[in-house]
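Everything on this sheet refers to the single structure shown next.
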Amino acid sequence: MEKLELLYEGKAKKVFKTEDPDVLIVDYKDDATAFNGLKKGTIVGKGAINNRMTNYVFKLLEKEGVPTHLVEELSDRETAVKKVEIVPLEVIIRNIAAGSFSKKLGIEEGTPLLQPTLEFSYKNDDLGDPFINSYYALALGLATQEEIDKITKMAFKVNEVMKKFFAEAGIELVDFKIEFGRYKGDIILADEVSPDTCRLWDINTHEKLDKDRFRRDMGGVEDAYQEVFKRIGLA
Ligand code: TMP
């Protein structure tokens with residue numbers, strides 16, 4: 001399978017057309033941004049780590065009954081995926097208080113939640129991905145009730161599978177963001193699952209092993225990505 005014209009370049013990936021109209025190739029970059037692109041940098045090796053980690057987790061999720069856009073890993077950085085229409089919702093699941101949740105609610109980072117939470121952001125860079133609820137999503141025509149129900153169920157299932165997977169690697173799954181796509185009348189998991197899109201903490205020391213090290217200028221960013229990669233057995 002070969003890359004044809006560039007369809008879209010995002011903050012972390014390029015997307016190319018292929019000869020198959022139902023298949024695209026994503027090419028993961030080492031570029032990192034935060035705060036809606038305000039902060040820019042490079043995390044050396046990130047593209048390959050995020051690509052291979054996403055594919056590994058997506059294969060596991062498929063086995064557990066969660067359909068994904070994965071077709072085939074083509075190289076360290078490139079993967080063939082089903083061409084979906086992205087549902088313009090960022091779906092965020094939290095197990096432990098951190099980030100915007102802690103800030104908004106005045107709850108110390110690291111406080112375990114009594115049950116996982118789910119929230120939606122409207123995927124819109126111009127607006128800075130504002131927090132919305134399912135009524136807003138319905139009112140704006142971003143998704144149907146049936147789609148929201150499917151997405152909610154799948155997101156909690158993804159959480160259960162990933163929590164267990166990371167725990168076995170000595171990693172606590174604090175929270176994560178996922179995206180879904182429409183494909184041939186169904187909803188499937190799309191985009192990526194990586195230290196860019198998950199908060200991952202050492203299960204014992206609670207050391208941050210994710211993009212917060214970049215967002216918060218903590219240093220040791222590359223080492224943290226490598227550590228996750230090693231612990232899940234991919235390095
Ligand atoms: P938050 O606490 O800043 O709302 O982030 C929640 C989770 O979503 C966290 O795991 C990081 C991830 N995330 C993204 O993947 N992309 C984003 O643009 C933001 C703001 C968060």
Side-chain angles (χ1 to χ4, degrees), residues 9-13 26 28-41 43 46-47 49-51 53-54 57-58 68-69 86-113 115-133 136 151-152 154-156 158-163 165-167 169 171-181 189-203 206-218 221 224-225 227-228 232:
E9 178 159 5
K11 291 188 285 252
K13 299 182 221 66
V26 291
Y28 285 71
K29 306 190 285 185
D30 283 356
D31 299 353
T33 67
F35 315 118
N36 202 16
L38 234 58
K39 182 186 181 111
K40 288 190 175 71
I43 301 175
K46 171 171 92 82
I49 289 175
N50 289 6
N51 179 46
M53 177 168 163
T54 296
V57 174
F58 277 19
T68 78
H69 73 172
I86 288 285
V87 178
L89 296 173
E90 300 205 335
V91 184
I92 296 157
I93 297 275
R94 302 179 192 271
N95 297 303
I96 296 171
S100 67
F101 182 95
S102 286
K103 207 169 170 191
K104 182 160 50 184
L105 300 170
I107 295 171
E108 195 183 346
E109 278 209 329
T111 309
L113 303 175
Q115 61 176 57
T117 65
L118 178 145
E119 72 205 49
F120 296 121
S121 292
Y122 174 27
K123 201 172 146 58
N124 183 318
D125 279 343
D126 293 338
L127 300 173
D129 301 337
F131 186 101
I132 60 167
N133 65 21
Y136 281 34
I151 285 171
T152 301
M154 283 164 75
F156 282 122
V158 169
N159 187 42
E160 289 314 310
V161 173
M162 291 215 303
K163 239 182 359 191
F165 169 70
F166 284 117
I171 294 169
E172 214 163 23
L173 179 62
V174 174
D175 57 31
F176 61 93
K177 183 270 298 178
I178 47 179
E179 297 181 22
F180 292 88
L189 185 63
D191 196 45
E192 67 176 283
V193 164
S194 72
D196 271 18
T197 61
C198 303
R199 284 199 172 92
L200 304 169
W201 293 357
D202 180 279
I203 217 160
H206 310 297
E207 185 193 356
K208 296 187 198 314
L209 300 172
D210 57 61
K211 195 177 168 189
D212 270 349
R213 302 197 75 88
F214 171 78
R215 295 189 188 98
R216 303 179 187 188
D217 296 319
M218 297 170 73
V221 185
Y225 279 66
E227 181 65 23
V228 171
I232 62 176

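Whatever order the structure lists them in is the order used to number ligands and atoms, beginning at 1. None of these values were measured; they are calculated from a predicted model.
Near C198, the atoms of ligand 1 lying under 4.0 angstrom from a non-hydrogen atom of the residue are 10 (O). Taking a cut-off of under 4.0 Å to the non-hydrogen atoms of F176, the atoms of ligand 1 that pass are 10 (O). Heavy-atom contacts of G99 reach the following atoms of ligand 1: 2 (O) (cutoff under 4.0 Å). Here is the list of ligand 1 atoms found below 4.0 Å of a heavy atom in T197: 10 (O), 12 (C), 15 (O).
In this structure, the separation between CG on D210 and CG on L173 is 10.0 Å, given to the nearest 0.5 Å. Annotation: the span from E109 atom CD to F101 atom CZ amounts to 11.5 Å, rounded to 0.5 Å.
In plain terms, the two heavy atoms of T33 and F214 that are nearest each other are C-CE2, 3.8 Å. Contact between A97 and W201 at its shortest, heavy atoms only, is O-CH2, 4.3 Å.
The protein heavy-atom contact nearest to atom 17 (C) of ligand 1 is E90 OE1, 4.3 Å. Ranking the protein heavy atoms by distance from atom 15 (O) of ligand 1 puts K177 CE, 3.2 Å first. Residue, atom and distance of the protein heavy atom nearest to atom 10 (O) of ligand 1 are D175 OD1, 2.5 Å.
Between the side chains of N159 and N95, at least one donor-acceptor pair of N or O atoms lies under 3.5 Å. N50 and Y225 are not linked by any side-chain donor-acceptor pair at a separation below 3.5 angstrom, with hydrogens and angles left out of the test. Side chains of R94 and S102: no donor on one and acceptor on the other come within 3.5 Å.
When the heavy-atom distances from atom 21 (C) of ligand 1 to K211, R199, R215 are ranked, the shortest goes to R215. Looking at S100, A12, G37 and measuring to atom 2 (O) of ligand 1, the nearest heavy atom belongs to S100.
Within a 4.0 Å radius of atom 19 (C) of ligand 1, the protein contributes no heavy atom.
For K13 and E179, the salt-bridge test fails: no basic side-chain N is under 4.0 Å from an acidic carboxylate O.
Looking at R94 next to ligand 1, an N or O pair under 3.5 Å apart turns up.
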